[in-house]
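Everything below concerns the one structure shown next.
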Number of protein chains: 2
Amino acid sequence: MIFTTKAEYGVRLLVELGRQANDAPVSLKAIAENEGLPLAYLERIVALLKRADLVESTRGAHGGYRLARDPESVTMDEVVLALEGSVAPMSCFVDETDDGRVLCSHVDDGEACATKFLWLRVQGGVTEALRRTTLAELVAFSAKQDVAQSAETLGSALPLHSAA
Amino acid sequence: MIFTTKAEYGVRLLVELGRQANDAPVSLKAIAENEGLPLAYLERIVALLKRADLVESTRGAHGGYRLARDPESVTMDEVVLALEGSVAPMSCFVDETDDGRVLCSHVDDGEACATKFLWLRVQGGVTEALRRTTLAELVAFSAKQDVAQSAETLGSALPLHSAA
DNA sequence: CTTAATCCTACCAATGCGGTAGGAGAAACC
DNA sequence: GGTTTCTCCTACCGCATTGGTAGGATTAAG
């Protein structure tokens with residue numbers, strides 16, 4: 001498994017916030033009910049997003065969370081970094097270098113890892129895929145799915161659950 | 001963490017076998033000592049590789065393992081699939097479809113996952129990186145490292161404890 | 001001052017991972 | 001034929017992490 005539910009729930013949370021057109025804060029309780037996720041667990045997850053300045057919060061009644069930045073500018077690699085810590089292909093990749101880029105620890109014990117070469121490629125593939133996906137894109141996707149689904153459940157003749 | 005030590009050790013094992021020029025089988029004990037890995041654990045790992053027809057074994061004294069195929073033709077996505085089961089970005093990706101391609105389980109409970117869209121991209125990035133890396137490439141890389149290292153530690157230009 | 005929300009921290013069960021132990025078969029070599 | 005050296009197989013175990021809960025403090029609206 002590459003990611004844990006932290007990433008899953010955290011991204012969903014952000015998408016949910018992104019769907020909100022106005023800038024009124026959304027309570028975690030609403031999101032938890034909407035997505036069917038445990039509230040107490042979401043609280044800990046949203047804390048990670050806040051620490052990374054991806055969401056803002058207002059406390060007290062009628063409070064909640066809203067996106068701190070334009071969804072277009074939020075790329076998934078920052079999001080996943082905030083949620084999962086870092087994307088390390090292998091346990092020997094200790095997270096040293098500032099922003100998620102990690103390097104192998106046993107560089108030269110005996111023979112230099114041929115595996116390191118491989119894992120670096122994999123890591124590149126993952127971070128590239130994450131970086132080229134923005135929150136806005138996911139929000140748009142989710143909105144499209146909504147349309148498709150309501151059409152399908154209503155029995156109309158509109159495009160089905162395909163992407164286009 | 002994307003991969004466990006199964007992938008790490010398994011790939012190393014294959015590289016070690018690939019370094020062997022002749023077709024004489026190599027014992028796990030030799031590999032374990034060479035790489036500093038626990039023998040009993042390697043036994044379980046190599047069983048996965050054998051089940052996937054990536055290595056052949058001969059039992060008894062002077063027995064051991066050898067590659068079952070040309071290293072050029074062995075891509076890392078088969079290897080990792082054999083070792084790790086499947087590369088699933090998220091726990092909701094249950095491995096159904098034959099060869100490692102996995103799909104999301106909660107396709108349409110409430111709203112169709114925008115996250116699924118993301119994880120599929122990530123999975124694509126990983127498998128693509130794995131598929132374009134062959135065992136032969138890793139073996140060559142490891143050999144190159146040997147030369148560089150022996151030159152550096154000995155100051156001479158002779159091969160060190162390499163296969164030949 | 002009650003209510004609804006964010007915050008914070010400690011706790012807990014289950015799972016999986018890395019590793020060990022102890023053998024049982026199979027082939028080479030004396 | 002027996003010993004040695006391997007592959008094979010299965011059960012076990014400590015440990016860390018994950019996913020989730022509990023309980024409460026703080027803050028602000030009404």
Side-chain angles (χ1 to χ4, degrees), chain A residues 1-13 17 24-66 68 80 83-86 88-92 94-95 106, chain B residues 1-13 17 24-66 68 83-86 88-92 94-95:
Chain A
M1 220 65 57
I2 299 185
F3 302 120
T4 69
T5 56
K6 284 204 198 81
E8 175 80 22
Y9 297 173
V11 172
R12 286 203 187 183
L13 199 157
L17 292 184
V26 183
S27 76
L28 273 197
K29 191 183 174 192
I31 294 181
E33 285 173 355
N34 217 344
E35 297 276 341
L37 303 178
L39 172 61
Y41 191 30
L42 267 190
E43 289 183 354
R44 269 170 32 196
I45 289 174
V46 81
L48 301 172
L49 296 174
K50 184 176 182 186
R51 204 167 307 157
D53 290 316
L54 288 167
V55 301
E56 292 171 346
S57 67
T58 57
R59 304 184 65 168
H62 291 272
Y65 296 89
R66 76 181 73 78
V80 168
L83 291 166
E84 297 280 354
S86 66
M90 183 57 54
S91 52
C92 64
V94 194
D95 42 342
H106 52 3
Chain B
M1 219 66 59
I2 298 185
F3 303 120
T4 68
T5 57
K6 284 204 198 81
E8 174 80 22
Y9 296 173
V11 172
R12 287 201 188 185
L13 198 156
L17 292 185
V26 184
S27 77
L28 272 197
K29 193 183 173 193
I31 294 181
E33 285 172 357
N34 217 344
E35 297 276 341
L37 302 177
L39 172 61
Y41 192 31
L42 267 190
E43 289 183 353
R44 268 170 34 196
I45 290 174
V46 80
L48 302 171
L49 296 173
K50 183 174 183 186
R51 203 168 306 158
D53 289 316
L54 288 167
V55 301
E56 291 169 347
S57 67
T58 58
R59 303 184 65 166
H62 292 272
Y65 295 89
R66 76 180 71 79
L83 290 167
E84 297 282 353
S86 66
M90 183 57 53
S91 52
C92 64
V94 194
D95 43 342

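Below, each value reflects all heavy atoms present in this structure, side chains not excepted, and no hydrogens, waters or symmetry copies. Everything numeric in this text was worked out from a predicted model, so none of it was measured. Order of the sequence lines fixes the chain letters, A, B, ..., with proteins taken first and strands second; residue numbering starts at 1 for each chain.
At whole-Å resolution of the value, CG in B:Leu39 and C1' in C:dA21 are 12 Å apart. Summarising the geometry, the separation between CD on A:Glu43 and C1' on C:dA4 is reported as 12 Å, rounded to the nearest angstrom. When the P atom of C:dG18 is taken as reference, atom CD1 of B:Ile45 falls 8 Å away, rounded to whole Å. Rounded to whole Å, atom P of C:dG22 lies 16 Å from atom CZ of B:Arg44. To the nearest angstrom, C1' of C:dC17 lies 17 Å from CD1 of B:Ile2. A:Arg59 places its CZ atom 5 Å from the C1' atom of C:dC7, with the value rounded to the nearest Å. For the pair B:Tyr41 OH and D:dC9 C1', the computed distance is 16 Å after rounding to whole Å. Across the protein-nucleic acid pair, B:Leu17 atom CG and D:dT7 atom P stand 11 Å apart, rounded to whole Å.
Backbone-only engagement by A:Tyr9 is indicated by non-hydrogen atom pairs under 4.0 Å involving sugar-phosphate atoms exclusively.
Residue order along DNA chain D, read from the 5' end via each residue's closest nucleotide, puts B:Ala61 first among A:Thr4 and B:Ala61.
Applying the 4.0 Å criterion to OP1 and OP2 of D:dT7, one finds that B:Thr58 has every side-chain N and O outside that range. OP1 or OP2 of D:dC8 lies within a sub-4.0 Å distance of a side-chain N or O belonging to B:Lys50. Put simply, B:Ser27 has no side-chain N or O that comes within less than 4.0 Å of OP1 or OP2 on D:dT5.
Closest of all the heavy-atom pairs between A:Ser57 and A:Lys50 is OG-NZ, 2.8 Å. Across every non-hydrogen atom of B:Leu17 and B:Tyr65, the tightest pair is CD2-O, 3.5 Å. The nearest pair of heavy atoms linking B:Ile45 to B:Thr5 is CD1-O, 4.4 Å.
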| said: As a quick check of understanding, evaluate side-chain contact (heavy atoms from CB on, under 4.5 Å) for A:Leu28 and A:Leu13, giving each step before the final call. | reply: CA-CA 9 Å; A:Leu28 273 197; A:Leu13 199 157; 4.0 Å; yes
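Ranking D:dC8, C:dT6, C:dT20 by closeness to the B:Pro38 side chain, first place goes to C:dT20. Counting only heavy atoms from C-beta on, B:His62 has its side chain closest to C:dA28 among C:dA28, D:dC8, D:dT7. Ranking C:dG18, D:dT7, D:dT21 by closeness to the B:Thr5 side chain, first place goes to C:dG18.
Within the 3.5 Å criterion, the main-chain N or O of A:Phe3 finds no donor-acceptor partner in the side chain of A:Glu84.
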